[in-house]
Amino acid sequence: MAEAPRPGQGPLHVTGEVLATKKAGAYRHLTITAPGIPQRFRAGNFVAVDAGEGRLARRALWIHRVKESGAFGPTLDVVVDATGPGTTWLADRPVGARLAITGPLGRPFALPREPVACVLVGVAHGAAPLFPLAERLRERGCAVNLVVAAPDEAHLLSALEARRSARAVTVITGDGSVGVRGAVPSQIAEILERADADVVYAVGPRDVLRAVAGAAEARGAWSQVALETPMPCGTGLCQGCPVPVIAEDGASRMVRGCVDGPVFRGDRLDWEALG
Amino acid sequence: MSTFPGPVMVASGCGGTGRELAAYADLVGLDLVTRSITLDPRSGGPSPRIVETPSGLVNAIGLQNPGLEHFLATELPWLVRAGVRVFVSIAGSSMGEYADLARRLSRAPGVAGLEINIGAPDQVGEDLFDVREPYHAASVVAAVRREFPGDLPVLAKLRPDLSRIVEGARGVTDAGATAVVIGNAVPAAMPDGRPGGLSGPAIGPIALRCVAAVTAELPDVAVIGGGGISSVDDARRFLDLGARAVQIGTALLHDPTTVARVRAALTREEDAP
Ligand SMILES: Cc1cc2nc3c(=O)[nH]c(=O)nc-3n(C[C@H](O)[C@H](O)[C@H](O)COP(=O)(O)O)c2cc1C
């Protein structure tokens with residue numbers, strides 16, 4: 001259950017401003033000022049942003065990066081995958097546009113205490129939170145193997161940049177336009193084997209997460225998977241993003257994807273009920 | 001401090017467990033209505049549970065809640081310690097369940113009052129006691145009032161249905177309700193046809209009309225208004241028509257600071273000479 005934030009922690013609700021906007025393949029990268037939020041960020045956190053034109057639900061976006069932007073102090077980078085009218089509106093925000101932003105939200109990735117071997121799997125825009133995670137893991141002396149996957153090259157997130165944050169990078173595309181042709185589920189067991197993985201992190205569609213969690217369990221590795229459920233508020237208020245988990249006593253119960261997740265232990269999700 | 005809530009309350013089902021609001025509002029003295037609590041835990045309905053519609057949201061949460069026992073053991077004590085004035089929303093599948101909930105909550109330390117959810121948009125689908133007849137709603141209120149101490153408020157939350165609202169408000173007040181809450185979400189359908197409730201600015205004028213009808217015809221009945229409130233001006237419209245307090249729901253999902261902002265502005269007005 002979510003604890004009440006202590007001072008200096010917990011989410012903030014602020015007005016941000018778009019500082020830069022850049023098209024990259026199928027995505028739009030926005031650099032945004034969001035006073036106070038970058039300082040509280042941990043890898044795996046997301047922000048909830050307004051989607052304009054009177055839309056009442058908000059859109060959850062992974063925090064892709066926090067960077068110093070000189071005069072503006074630290075800023076956030078988010079990746080917008082324009083799949084509907086709300087995200088299209090967001091992707092179209094010009095430089096200087098103001099945006100209500102709440103964050104950082106959600107349980108971040110848990111980091112291992114020991115310098116273990118890690119595999120990070122990100123599908124499409126789901127790779128966004130893995131870049132800052134890779135940096136944290138490297139600081140801790142972990143071996144970082146990054147797998148970025150997508151249906152095609154346009155939906156592949158920053159494969160080039162991935163090479164900077166990880167020791168080894170595997171690129172998988174559905175159409176074979178870059179890297180290996182195929183999909184994560186059929187290759188994950190071998191990837192974990194090769195990396196001799198102790199911990200696996202994954203973000204992407206459910207079938208991929210399930211395959212990753214299963215492959216991790218099969219070799220006795222830990223898995224942390226981040227679910228991308230639609231989150232109407234993102235703040236834990238509405239109960240609109242139910243996620244079935246298996247409790248200590250073996251019973252399945254519903255928790256909230258936004259505050260109890262979005263990162264879950266792979267062996268705690270009730271995959272059958274999740275569908 | 002008066003036991004009557006207001007001027008601003010967090011509407012049922014829109015404040016999480018209450019804890020999540022700590023980041024966006026001062027919890028001390030905050031009037032929070034919990035999401036509706038049933039005797040047994042309910043896991044709620046399938047996804048999607050909330051969809052956008054112009055100027056509104058349609059929700060089909062299915063009354064997900066941890067059940068009374070868990071609520072009393074974990075959520076309530078935390079909220080009371082944090083200084084929240086907790087109004088527990090109760091929902092039951094029978095008259096006996098409402099009475100049972102009221103009896104057990106009457107012994108729970110720190111409860112500021114009850115709100116009886118007798119205007120859910122889809123009583124039958126959610127397996128709730130059918131109170132579409134004002135007579136049944138009044139019976140539920142009477143049963144709850146018998147079990148709950150008389151000095152604490154019992155609020156009866158009704159659906160903003162103009163054809164029934166005056167009769168309904170009169171009935172529940174005669175049965176012992178301290179105030180009527182108008183209104184709940186309006187019966188609506190999810191895109192796939194599942195029953196749901198429409199909330200947000202789309203229903204504001206409907207709720208306002210119902211409040212106007214009750215305050216005009218039943219001037220002695222205390223009314224708490226809600227539906228689509230997202231600003232001080234929205235809140236003032238309800239108060240100007242005679243509502244004694246307002247509830248804010250959907251706006252919190254869009255901007256979690258809404259209650260703090262509206263509360264601060266209205267309190268400043270109250271303090272002004
Ligand atoms: C996500 C959601 C959950 C709700 N859950 C409850 C509930 O459990 N019990 C209840 O009496 N009303 C519930 N409501 C209704 C609200 O409390 C409120 O009466 C209604 O939405 C109208 O106000 P609004 O337009 O400010 O949201 C819920 C509304 C929403 C949007």
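Chain naming here is simple, since letters A, B, ... match the order of the sequence lines and numbering starts at 1 in each. The analysis underlying the following values was restricted to heavy atoms, covering all of them including side chains, and did not include hydrogens, waters or symmetry mates.
- With a 6.0 Å radius and a threshold of 12 heavy atoms from other residues, nucleotides or ligands, Arg261(B) has its CZ atom above the threshold.
- With a threshold of 4.5 angstrom between heavy atoms, Leu105(A) approaches chain B through side-chain atoms but not through N, CA, C or O.
- Contacts between Ala100(A) and chain B at a heavy-atom distance below 4.5 Å are absent for every atom of the residue.
- Ranked by non-hydrogen atom pairs under 4.5 Å with chain B, the options Glu53(A), His13(A), Arg253(A) are led by His13(A).
- When the shell of 6.0 Å around CD of Gln39(A) is examined, it contains more than 12 heavy atoms from other residues, nucleotides or ligands.
- When heavy atoms are compared at a cutoff of 4.5 Å, Thr235(A) approaches chain B by way of both its backbone and its side chain.
- Proximity to chain A is limited to the side chain of Thr250(B), based on heavy atoms less than 4.5 angstrom apart.
- A heavy-atom distance below 4.5 Å is found between the side chains of Val51(B) and Pro191(B).
- Looking at Tyr24(B), its side chain never comes within 3.5 Å of a backbone N or O of Pro11(A) through a donor-acceptor pair.
- Annotation: maximal heavy-atom pairing with chain A below 4.5 Å, among Gly16(B), Ala251(B), Pro48(B), occurs at Gly16(B).
- Proximity to chain A (any heavy atom under 4.5 Å) is restricted, for Glu52(B), to the side chain, taken from C-beta onward.
- For Asp255(B) and Thr257(B), the side-chain atoms include at least one donor-acceptor pair closer than 3.5 Å.
- When each of Gly54(A), Ala57(A), Ser252(A) is checked for heavy-atom pairs under 4.5 Å with chain B, Ala57(A) comes out on top.
- A salt bridge does not link Arg55(A) to Asp50(A): none of the charged nitrogens lies less than 4.0 Å from a carboxylate oxygen.
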